[in-house]
Undergrad: 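One structure follows; several queries about it will come next.
Quick note on labels: first sequence line is chain A, next is B, and so on, each numbered from 1.
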Amino acid sequence: MPTKWINGKKLLDIRTWGKHLLLVFANGAVKIHLGLFGDVLINERKKVNRSFFLEFAKGEINGYVVRAEKLKASPDDIYDWCTDVLSEKFDSHYVKELLKEQSKKTIDDVLVDQKIFTGVGNIIRNEVLYRAGIHPQSITGKIPAAKISLLIREAVKYARLFYNQLEKGKRVPFSVYQQEYTPDGSEVTMKILPRSKRKIFFSEHKQRLYK
DNA sequence: GTGAATGTTAACAG
DNA sequence: CCTGTTAACATTCA
């Protein structure tokens, strides 16, 4: 991505929308996505080539295996913060409305849809479904409203916990993701989803299948 | 050396 | 044109 337009500009703000990292300047914003292998380092470098970098009068931002592009408009014009599980503007009523359009899909697909649960990825999907007691292959429209509400609450709660622990340099211990047994000893089943080829982990015993 | 992993999208087939 | 599948990206760790 050309970065000439940033020359001489001050970095005004750093924001996120789900997995998008936004560097905001007066004349535009940069969107960085880390994909599966990406890293962004502040005032640090790796041996391998940077795929994106900005050098300031004092300090630098280095992206490795990232995709960076200039946003075509301001972040507030592009992004809906009401769906971002880590945003203060997250609106569970709004998300509940969006879910009504997804009634025929399985909940595991819907949970990682970035337009509905912005920021939720494979780990959070697996852990949150376990916490809510919902089988990943449940049909979204068949899940009782109270359970949907619980799922949304758990998604926000777990995302915050995950983030807070990371900030402290810790990790949340997984209950099902890449586990063989849940913390209380029930067996964990692993399935590879046919479309995405991603692995889902769940307890047949503790997660109810609504279909 | 092998395989798998916190993700997305362009290209392709039908 | 719409829908679904595959490949590509390219690093790190076990």
Undergrad: Reckon A/Arg198 touches a base, only the sugar-phosphate, or nothing at all at heavy-atom distances under 4.0 Å?
TA: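 The answer is base, as A/Arg198 lies within the cut-off (heavy atoms under 4.0 Å) of a base atom.
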Undergrad: The side chain of A/Lys199 lies closest to which of these nucleotides: C/dT11, C/dT5, B/dA4?
TA: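 So the side chain of A/Lys199 is nearest to B/dA4.
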Undergrad: What's the closest nucleotide to the A/Arg67 side chain, out of B/dG7, B/dT9, C/dT6?
TA: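 Taking heavy atoms from C-beta onward, the closest nucleotide is B/dT9.
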Undergrad: Nearest of B/dT6, C/dT12, C/dT6 to any side-chain atom of A/Phe162?
TA: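 Per side-chain heavy atoms of A/Phe162, the pick is B/dT6.
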Undergrad: Hey, could you give me the NZ/CD1 distance between A/Lys4 and A/Ile6, rounded to the nearest 0.5 Å?
TA: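 Here the rounded value is 12.5 Å.
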Undergrad: How close or far is atom C1' of B/dT6 from atom CD of A/Gln165, stated in whole angstroms?
TA: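 For the pair A/Gln165 CD and B/dT6 C1', the rounded distance is 16 Å.
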Undergrad: Using whole Å, what does the distance between atom P of nucleotide C/dT11 and atom NZ of A/Lys46 come to?
TA: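 Rounding to the nearest Å, NZ of A/Lys46 and P of C/dT11 are 9 Å apart.
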Undergrad: Taking side chain to side chain donor-acceptor pair (under 3.5 Å) as the criterion, tell me which of A/Asp80, A/Thr83, A/Asp84 meets it with A/Thr118.
TA: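 Exactly one option meets the side chain to side chain donor-acceptor pair (under 3.5 Å) with A/Thr118, and it is A/Thr83.
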Undergrad: In this structure, how many angstroms lie between the P atom of B/dT6 and the CG atom of A/Leu21, rounded?
TA: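 Taking atom P of B/dT6 as the reference, CG of A/Leu21 is at 21 Å.
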Undergrad: Just do the side-chain hydrogen bond (donor to acceptor under 3.5 Å, both in side chains) check on A/Ser74 and A/Asp76 with the steps written out, would you?
TA: CA-CA 5 Å; A/Ser74 77; A/Asp76 285 320; 5.5 Å; no
Undergrad: In terms of side-chain heavy atoms of A/Arg195, which of C/dT5, B/dA5, B/dG7 is nearest?
TA: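 That would be C/dT5.
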Undergrad: Considering only B/dA5, B/dG7, C/dT12, which nucleotide approaches the side chain of A/His33 most closely?
TA: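 Nearest to the side chain of A/His33 among the choices is B/dG7.
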Undergrad: For B/dA10, what is the paired nucleotide under Watson-Crick or G-U wobble rules, both distances under 3.5 Å?
TA: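 Answer to the pairing question: C/dT6, which forms a Watson-Crick or G-U pair with B/dA10.
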Undergrad: Using the P atom in both, what is the distance from C/dA7 to B/dA4, to the nearest Å?
TA: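 Those two atoms are separated by 15 Å.
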Undergrad: Go through A/Lys19 and A/His33 one step at a time and tell me if the side chain to side chain contact (heavy atoms under 4.5 Å, CB included) criterion holds.
TA: CA-CA 6 Å; A/Lys19 299 161 192 164; A/His33 200 297; 3.6 Å; yes
Undergrad: Any idea which of C/dT11, B/dA5, B/dT8 is nearest the A/Val65 side chain?
TA: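 For A/Val65, the side-chain atoms sit closest to C/dT11.
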Undergrad: Rounded to the nearest angstrom, tell me the gap between atom CE in A/Met190 and atom P in B/dG3.
TA: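 Interatomic distance, CE of A/Met190 to P of B/dG3: 15 Å.
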Undergrad: Is there a side-chain polar atom (N or O) of A/Lys197 under 4.0 Å from OP1 or OP2 of C/dT6?
TA: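 A/Lys197 to C/dT6 OP1/OP2: side-chain N or O found under 4.0 Å.
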Undergrad: Give the rounded distance in Å between these two atoms: CG of A/Asn62 and C1' of C/dT11.
TA: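 Distance, rounded to whole Å: 16 Å.
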Undergrad: What is the separation between atom CG on A/Leu36 and atom P on C/dT11, rounded to the nearest whole Å?
TA: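 One finds 13 Å between P of C/dT11 and CG of A/Leu36, rounded.
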Undergrad: Expressed as a whole number of angstroms, how long is the span from A/Asp109:CG to C/dG4:P?
TA: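 In whole Å, C/dG4 P lies 11 Å from A/Asp109 CG.
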Undergrad: Taking side chain to side chain contact (heavy atoms under 4.5 Å, CB included) as the criterion, tell me which of A/Val85, A/Val120, A/Val128 meets it with A/Tyr158.
TA: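 Exactly one option meets the side chain to side chain contact (heavy atoms under 4.5 Å, CB included) with A/Tyr158, and it is A/Val128.
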Undergrad: Using a 4.0 Å heavy-atom cut-off, does A/Lys47 contact any base of the nucleic acid, only the sugar-phosphate backbone, or nothing at all?
TA: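 Counting heavy atoms under 4.0 Å across all strands, no contact is made by A/Lys47.
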Undergrad: What's the gap between C/dA10 and B/dA11 when it is taken at their P atoms, as a whole Å value?
TA: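 The answer is 15 Å between these two P atoms.
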Undergrad: Round to a whole Å and report the spacing from CD of A/Glu69 to C1' of B/dT9.
TA: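 It works out to 11 Å between those atoms.
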Undergrad: Using a strict 4.0 Å threshold on nitrogen-to-oxygen distance, state whether A/Glu55 and A/Arg45 make a salt bridge.
TA: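 A/Arg45 and A/Glu55: salt-bridged.
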Undergrad: Can you identify which nucleotide, out of B/dT8, B/dA5, B/dT6, has its nearest atom closest to the A/Phe37 side chain?
TA: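 For the A/Phe37 side chain, the nearest candidate turns out to be B/dA5.
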